[in-house]
Number of protein chains: 2
Amino acid sequence: MGVIEKVKRALATVDGILPLDQILMGDCIETMRGLPAKSVDLIFADPPYNLQLGGDLSRPDGSHVDAVTDDWDKFDSLGAYDRFTREWLTEARRILKDNGAIWVIGSYHNIFKVGSAIQDLGYWILNDIVWRKANPMPNFKGTRFTNAHETLIWASTGEKARYTFNYRSMKTLNDELQMRSDWEFPICGGQERLKKGGVKVHPTQKPEALIYRILLACTKPGDVVLDPFFGTGTTGAVAKRLGRRWIGIEREPVYIEAAEERIAAALPLDESALTTMQSPKAAPRVAFGALVENGMLVPGSMLTDAKRRWSAIVGADGSLKSSCGQAGSIHKLGSLLQNAPACNGWTFWHYEAADGLKPIDALRQTYLLATQI
Amino acid sequence: MGVIEKVKRALATVDGILPLDQILMGDCIETMRGLPAKSVDLIFADPPYNLQLGGDLSRPDGSHVDAVTDDWDKFDSLGAYDRFTREWLTEARRILKDNGAIWVIGSYHNIFKVGSAIQDLGYWILNDIVWRKANPMPNFKGTRFTNAHETLIWASTGEKARYTFNYRSMKTLNDELQMRSDWEFPICGGQERLKKGGVKVHPTQKPEALIYRILLACTKPGDVVLDPFFGTGTTGAVAKRLGRRWIGIEREPVYIEAAEERIAAALPLDESALTTMQSPKAAPRVAFGALVENGMLVPGSMLTDAKRRWSAIVGADGSLKSSCGQAGSIHKLGSLLQNAPACNGWTFWHYEAADGLKPIDALRQTYLLATQI
DNA sequence: CTGCCGACTGAATCCGGTT
DNA sequence: GAACCGGATTCAGTCGGCA
């Protein structure tokens, strides 16, 4: 640990001052002990899964599967993993504000231990969320079902605790349907996947779209998000983009270095580039929010109707806000402004393209083309 | 309990004879204790979820836990549910054959306790499966994500245990793609939903399609399926349709009555429909040498791989010899040349047919057809 | 510049019968 | 029970090379 980190941790401990927008190098549990009680709004945690892989695995074509063999995923026994889980979850609950909440992601290897501990420690589960992978690794030997999803648990600090849930944002993001407990995203790859010398920096980097949705749903701008298993800093990068404050805890200097660089390059929303995220596999129906989530339309950009009589600003959740303060989905705001009973937002709203005004439906078509074929 | 049931249970206990295709009335755990060890092939269990609903929780002895009003009670109910879960899962493991398996369905209220117990008791989790509800109940208050799925756990009796998985059947069922761990079905309604006087008989009747896929994937015709929380007998009805034997345990006479009626009306599929896609493993083994013996390949002829990178000469004994002097079976030489841990010689090696290069597996298929019919 | 083809890859508890 | 060895087994997507 460097001098600066030591000073930061000392400050955090003695004065109750949070080391915001920083990575604390060190052991997860020990470092959490140095953070003040009831001080953060949200915790996102991607702990080791305790995979217990047997021998090598090869594909039908004979090539070798690159497994997660890192030391940080090794535990002596199921009991040891259980104790580790309960220890960090205990610290997490101490650090959370009363109205805070926690998200934990895992697979069947560990999520039942995590969920069980969460319940035992007095948290109150609000939902379990399924991340359906659009492109999971197949089961090469044909011995089981393709392991095509991971599970997230969302819990408040207790049964009576209040918590943040931006219901409208989620509904708008999902094209005016309630957001369900099953979410589909592709695994993290392509440009988004951090590499060094052509080799992936971290074996289990999570997609930004996943964290984006969580932070959008469960935090307000300015809220403090703690990630005790920071890795290469997906949580930090998304928090910065969304105007949230963040704290990361990470043990491995290699990951920290990659994360620092990555977060420094991340742009807050109104400046962020068009291609920050990978396209997800498209559902037949495209939610307007998906275009925003995937960077095809930048939050803060302006839409108008074809004759530029009305204009509106795109929100981070895929909502639109007009200059006179009205807001809603693309369809709802269109009908409001025109004082019409209904409106097809896809053809009504236009964006400024390089070669002139175009309906946002063109973006939807592009999106479909990019993701369907 | 009627006299007949008593006699049946006595038989099961004393003689190790299974009471097949019958509903045993009684407490789940107590009745399971009367069944012989290592006697059933599959257990499907839909235990009560009633963890956080206050007074609905039943203790293992059948008594009801009072409404949860304070922390002490909450801990007590959580602990009571945990003990109940571990008790019935312990009996289940005793009853299962070594090569048997168990499926349990639950929601976030109970599935983490169930999964944790399954791991602690020595079962080996094979997959967790997500049932995505096509038509879930919305979250009326808008306070959380729509709870649109339930989770199933599939586990064998231990890490090294064999288990049944009809891979080909599942792949065929899924349009020639591996079956994934996320399944979509509508909730049980319409004609399928059992009603009496317009009121649903059971509050949580599961769709037959769900059980159908499970039994098709994890049992063979004639296998014995036990459902310790039989309810209105979905497991029995599907088992009968699919030509599997079944045993149900249920406490409530109302459910039993509905189940008996329902199962009596269920029609078995005829045998031809039960013939599912076979794994190649089930086909008789053909020695490569047999093809040579039968003149389908002439000793001295040349085989190559699909890209003609390697070639070898067929020996009179069905061995292959490469130009660089290496020799062995079709599999061994394939792996040697490629420097791979393993190789399926049937698909690796090709012969020169009239219409181009073909895998020698085609010859095997011809041979099988000629000798089987 | 585009389009096609091949190589590569991702949190994976990944074989089974016979000697 | 260990060792042997026959032989079954993959989906979606990205990226680079080449025509």
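Each chain gets a letter, A, B and so on, in the order the sequences are listed, and its residues count up from 1. Here the structure is a predicted model, which means the values were calculated and not measured.
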Is the A:Tyr255 ring parallel, tilted or perpendicular to the A:His202 ring (thresholds 30°, 60°)?
tilted
Side-chain contact check for B:His331: nearest option of C:dG10, C:dA11, D:dG7 is D:dG7
Ring centroids of B:Trp124 and C:dT13 base under 5.5 Å with planes under 30°
yes
Take B:Trp183 and A:Phe145 through the ring pair (Phe, Tyr, Trp, His ring centres under 6.0 Å) test and state the conclusion after the steps.
CA-CA 11 Å; B:Trp183 303 352; A:Phe145 297 98; 5.4 Å; yes
Nucleotides 1-5 of chain C: which of its N/O atoms have a protein N/O under 3.5 Å away?
none

Considering only the C1' atoms, how many Å lie between C:dT13 and D:dA12, rounded to the nearest integer?
23 Å
Contact class for B:Ala342 vs. all strands (heavy atom < 4.0 Å): base, sugar-phosphate, or nothing?
base
Backbone N or O of A:Gly231 within a donor-acceptor pair of the A:Glu250 side chain at under 3.5 Å?
yes
Strictly by modelled atom types, are A:Thr234 and A:Arg262 linked by a side-chain donor-acceptor pair under 3.5 Å?
yes
Nearest 0.5 Å, please: how far is CD1 in B:Ile129 from CZ in B:Arg180?
10.5 Å
A:Gln205 side chain to A:Thr232 main-chain N or O, any donor-acceptor pair under 3.5 Å?
no
Check: B:Thr85 side chain, B:Val114 main-chain N or O, donor-acceptor pair, under 3.5 Å:
no
Any base atoms under 4.0 Å from B:Ile125, or only sugar-phosphate, or nothing? Heavy atoms, all strands.
base
Look at all strands and tell whether A:Lys195 reaches a base, only sugar-phosphate, or nothing, counting heavy atoms closer than 4.0 Å.
nothing
Contact class for A:Thr204 vs. all strands (heavy atom < 4.0 Å): base, sugar-phosphate, or nothing?
base
Determine if the base of C:dT13 is syn or anti; take syn to mean the glycosidic torsion is within 90° of 0.
syn
May I have the distance from B:Asn344 (atom CG) to C:dC14 (atom P), rounded to whole angstrom?
21 Å
With Watson-Crick and G-U wobble geometry limited to distances under 3.5 Å, how should the secondary structure of DNA chain D be encoded in dot-bracket form, using | for bases paired to another strand and [ ] for crossing pairs?
.|||||....|||||||||
